[in-house]
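What follows is a set of notes on a single structure, which appears directly below.
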2 protein chains.
Amino acid sequence: MTKVIFKTKNSFLSLLRIKYTYTMFSNSSKYAIKAVLFLAVNSSENHRIMGKDLAAPINVPQAYLAKLLQELSRGGIISSKKGPKGGFFLSKENALHTLMDVVNVIDGNDKFNSCLLSLEKCNADKPCPLHDLASPSRSKFIQSLNQNTIDEFSTQIEQGKVFLPL
Amino acid sequence: MTKVIFKTKNSFLSLLRIKYTYTMFSNSSKYAIKAVLFLAVNSSENHRIMGKDLAAPINVPQAYLAKLLQELSRGGIISSKKGPKGGFFLSKENALHTLMDVVNVIDGNDKFNSCLLSLEKCNADKPCPLHDLASPSRSKFIQSLNQNTIDEFSTQIEQGKVFLPL
DNA sequence: TCTTAAATATGACTTTTGTCATATTTTAAT
DNA sequence: ATTAAAATATGACAAAAGTCATATTTAAGA
Ligand code: FES
Ligand code: FES
């Protein structure tokens, strides 16, 4: 028997969210990336966006997002202005960061550099059984997380080549 | 100031283990995969291996591994025999399972089929900004998790093409 | 049959991650 | 100056993942 308790609107909504999938990103990082990219496309120095207006379009719990935005702001990934007419935005310099910078701020550094199975560094000379299956593409993926700027991603979005997910 | 308390030998050892890296596998799944592959190479119907003799060579905490082995056994991924001279082993049929079967038993099903960023299914028609970077290789990887049998992996290990990590 | 060696079941506990709420600080506008 | 609207700091709490320990069950061998 499944027991469900409805406490608040948010906890109800969270039932609809799919959690904990194997994507190498923590939920927090995913949320943060979505927020940053949304800001990249929709905000600017003089068009700031409030936390609560950001939460809905990217489908992230408002209170949780608030916390993430604060971490991103502290980490220099996004900019903000307090008070009335305040909000969050991406400066030109902010947009030069990479997505790896985003996850480093949210989840800490050095999460991507080890073997799929072992505790050692991934090593082509003594590959684990999954190395050849995963490693070439994996390192390419990690490389673009490290190299492509947020600005580049937002250009792709503006050109309609890729889409910002809910 | 870092405060470290040494409680037991195992909790000391666990300090040496690298935890929580972004590899799409949970620690439990990684441990389970290592255990299964080790059994595939080193055990047979009439050469069973005890839990405690398995823990050391694959560098997994003994008590934790015990629990995983029990789940794997219940899930039909590995075989076991109780009592003196008992232990764990892989039958011929066991070895026909895939690594995806292993992680399904340990972490539950349907962990691999969603977009890196969104809650929707990954969708080539409306790709998220990371889709093209990750998806082609990712689906190939997932496909071989689903198709290659444990037997095939163990052959590769026996041929010295790949190695079982600590 | 008794003893002993093994897996099994069960669950307590810890750490990490995810979630939500609230008091404080800053600043624009009146 | 005062007010109100925003971010910020802080932390309580919940859920999931990881870790460890112990009592029970099964079966081999004396
Ligand atoms: S050695 Fe395991 S992924 Fe490279
Ligand atoms: S749409 Fe996001 S990974 Fe495919």
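Letters go in sequence order (proteins before strands), and every chain restarts at 1.
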| request: Give the rounded distance in Å between these two atoms: CG of B/L69 and C1' of C/dA6. | output: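 Computing the B/L69:CG to C/dA6:C1' distance gives 13 Å.
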
| field | Euclidean distance, atom CG of residue A/N27 to atom P of C/dT16 [Å, nearest integer] | value | 18 Å

Short side-chain N/O contact to [N] OP1/OP2 from [X], under 4.0 Å:
X: B/K67; N: D/dA21; answer: no
X: B/S28; N: D/dG18; answer: yes
X: B/Y31; N: D/dT19; answer: yes
X: A/R74; N: D/dA9; answer: yes

| request: Tell whether A/Q70 reaches the base of D/dA7 with its side chain through a donor-acceptor pair below 3.5 angstrom. | output: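 Flag unset: no donor-acceptor pair detected.
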
| field | Of the listed nucleotides C/dT27, C/dA28, D/dA21, the one nearest the side chain of A/K81 | value |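 Nearest listed nucleotide: C/dA28.
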
| note | Among the nucleotides D/dA27, D/dC20, D/dA7, whichever has the atom closest to the side chain of A/F88 is D/dA7

| note | Contacts of A/K85 and B/S80 projected onto DNA chain C by closest heavy atom; the upstream (5') one is B/S80

| What is the distance from atom CD1 of B/I106 to atom CG of B/N27, rounded to the nearest 0.5 Å? | 12.0 Å

| field | Distance, nearest 0.5 Å, that separates CG of B/D107 from CD of B/E71 | value |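 B/D107 atom CG to B/E71 atom CD measures 9.0 Å (nearest 0.5 Å).
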
